[in-house]
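For ligands, and for the atoms within them, numbers begin at 1 and follow the listed sequence. Counting begins at 1 with the first residue of the sequence.
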Amino acid sequence: MCGIFACISKDNKTAVKVINGLKKLEYRGYDSWGISYKNANGINVVKEVGKISAFDPEEANFADSNVAIAHTRWATHGGVEVRNAHPHLNKENTIAVVHNGIIENYIELKNELIKKGYEFKSDTDTEVIVQMIDSYMDFGFEKAIEKTVARFEGRFAIVVIDKNADEIIACRRGSPLILGVGKEETFIASDIPAFLSHTNVVNYIDDDEMVKITSSERHFYSLRTGDEIQKRDIQIEWNIEDAEKGDFTHFMLKEIFDQKETVQRAVDQSDEEIMAVAEKIKKSKGVFFVGCGTAGKVAKAGEYFFAHVAKRHVNFAPASEFPLFHNFLLPETLVFAISQSGETADVLEALEVAQKAGSTVFSLTNVVGSSIARKSDISLFIKAGPEKAVASTKAATSQLALLLLIAYAVAGKLEEGKKLLLEISSNVNDLLNPRFVAHTESVAKKIAHKDNLFIIGKGVNYPMAEESAIKIQEVSQIHAEGFAGGELKHGPIAMIEEGTPCLVLVGDDESKQEIVSNAIELKSRGAMIIGIASEKHDCFDEFIRVPESGVASCITNLIPIQLLSFYLGVERGLDPDMPRNLAKSVTVK
Ligand code: F6R
């Protein structure tokens, strides 16, 4: 949700470098983009509405510069217009700011600045930041930033340059910022892929920290105490290929195919670590699984895994609703957050609520060093590699696999769980063959013109029906809804008419007969039934066969759903990697 990339270097081609790096963050927002770069003439600005990927920096004739900051925007405050694109500058064009997050009290601060005579050109909360820094500049550049952020309520990551200072200053609270240590150059970005072609050595910037960088130096300070902080250089394991599309047309398709390996990687964890998590779960008084969107559906599937495999009651709450359950939190309660990015604002807030009550916090994320991982008492990683398509695919199946393994560990059956998940990984690998993909594409072609689509599942496939709806909605913009099969006859069946496509996720467990009966009920109302199952049934008009997978059928059933969503999007002329109105990593509430 908004991408920031900045560089200060000994070489003077930073503008091109920063644009190329920003392109790697396009998944974080693609409404508009902008860059400010500095040279002897002052601060230059280029801003455009639309996607950064369409812009060729080599043709732009950028003047030489060794300092540049850039931003790709997912609009929150102010429409998609050039005047609302970042960077924002003060009146004299001597200070430029890029920002990710929301300054919740910006209206109050804006009114205060207007009274002082400041004029605003945009509708953004970000312009308040630059004008406020300007208003404090008598204290010096660094102090002006400190004084400004001390006034903010909300979450922010900001990067600032001053025409008269040979440094970049950045601060964060709640939104991600990572520093990349290059050779005679230093980078600051919302996410690692922006600078991965230059360096894999990083420093994590924590909440309420400020960093001042030059091409060869970096100094970290606490915004609370003003004390300097020492940081460890961390070498990260991702390589450039992991963050590129390779021969695939889209990141989404590449990431679907990555699942040939990622399910296995997710469960390749140390036994000691998994058992430590399992023991803590067993000793806790109350477990909550929380997450948003797709990760939330995985968390909901976790309820079923624990009911069936571990025979333990756990609660699921969407992270945005979780704070309303604060009365049930005890020091012995365990809150388990699931998040691909590790930066989702609603999840972070849920964890803050849990920690305030003294509860223990565990997390399962994909990004080492992410805010959620760093906030957690124990953090596990799914090791799926960068997920860049906005629609989550490989992260979801990896989260499901690891959560299921934990349920087996709680049941005292870790080895059984490992064996099952090894089989599932090999099933996923087999599924992703050209024939299967072509068959799924052909089914997508048959229904791509439909306006409405329903998905049903039972047991652990019920949250997967809801996940399927999320995937189809975001990638294809078809109106899709997912239900527990038994719920249809209580209302939604009224929506079924002749030819309405209904996807039926059949599990390989005790739910099988009932969900097939639900499919028959739909068929008798005229629905076109697309069965995703390990066995064919007469009521299916279209059949997508998946291998028998027991309690892990939710993992194998998701593979055709992801492919269907992708091909539905393509058929409807959409870009599956960049769904309308969305962005990866939702760092605002
Ligand atoms: C949908 C999707 C979103 C995310 C949600 C949470 O395909 O990707 O629903 O799952 O925004 O994001 P994370 O997992 O990063 O917390």
Self-check item: Distance-only N or O hit between ligand 1 and Gln399, under 3.5 Å
Solution: no

Distance from [atom] to nearest protein heavy atom, with residue and atom:
atom                    : answer
atom 15 (O) of ligand 1 : Ser341 OG, 2.6 Å
atom 11 (O) of ligand 1 : Val586 CG2, 3.9 Å
atom 5 (C) of ligand 1  : Cys292 O, 3.5 Å
atom 3 (C) of ligand 1  : Thr294 N, 4.0 Å

Quiz item: Does Val390 approach ligand 1 within less than 4.0 angstrom via side chain, backbone, both or neither, non-hydrogen atoms only?
Solution: backbone

Quiz item: With a 4.0 Å heavy-atom cut-off (strictly under), which part of Thr344 contacts ligand 1: side chain, backbone, both or neither?
Solution: side chain

Quiz item: Do you know which of Val314, Leu334, Thr333 makes side chain to side chain contact (heavy atoms under 4.5 Å, CB included) with Phe288?
Solution: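 It is Thr333; the other options fail the test.
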
Just which atoms of ligand 1 are under 4.0 Å from any heavy atom in [X]?
X      : answer
Glu474 : 1 (C), 7 (O)
Lys471 : 1 (C), 7 (O)
Gln340 : 13 (P), 14 (O), 15 (O), 16 (O)
Ala295 : 10 (O), 14 (O)

Quiz item: So Phe187 and His198, ring-ring contact (aromatic ring centres under 6.0 Å, His included) or not? Walk me through it.
Solution: CA-CA 9 Å; Phe187 307 92; His198 304 285; 5.0 Å; yes

Quiz item: Hey, does the side chain of Lys356 reach the backbone of His326 with a donor-acceptor pair shorter than 3.5 angstrom?
Solution: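 No.
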
Quiz prompt | Worked check of ring-ring contact (aromatic ring centres under 6.0 Å, His included) between Phe257 and Phe248 | solution = CA-CA 9 Å; Phe257 274 84; Phe248 289 92; 5.4 Å; yes

Quiz prompt | From Thr440 atom OG1 to Ile544 atom CD1, the distance as rounded to the nearest 0.5 Å | solution = 4.5 Å

Exercise. Sort out for me which residue in Glu343, Glu349, Glu352, Glu104 forms a salt bridge (Lys or Arg N to Asp or Glu O under 4.0 Å) with Arg155.
Key: Glu352

Quiz item: Going by the angle between their ring planes, with limits at 30° and 60°, are Phe362 and Phe336 parallel, tilted or perpendicular?
Solution: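 Rings of Phe362 and Phe336: perpendicular, as their planes differ by over 60°.
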
Practice problem: Apply ring-ring contact (aromatic ring centres under 6.0 Å, His included) to the pair Tyr462 and Phe483, showing each step before the final yes or no. | Solution: CA-CA 6 Å; Tyr462 155 43; Phe483 295 101; 8.9 Å; no

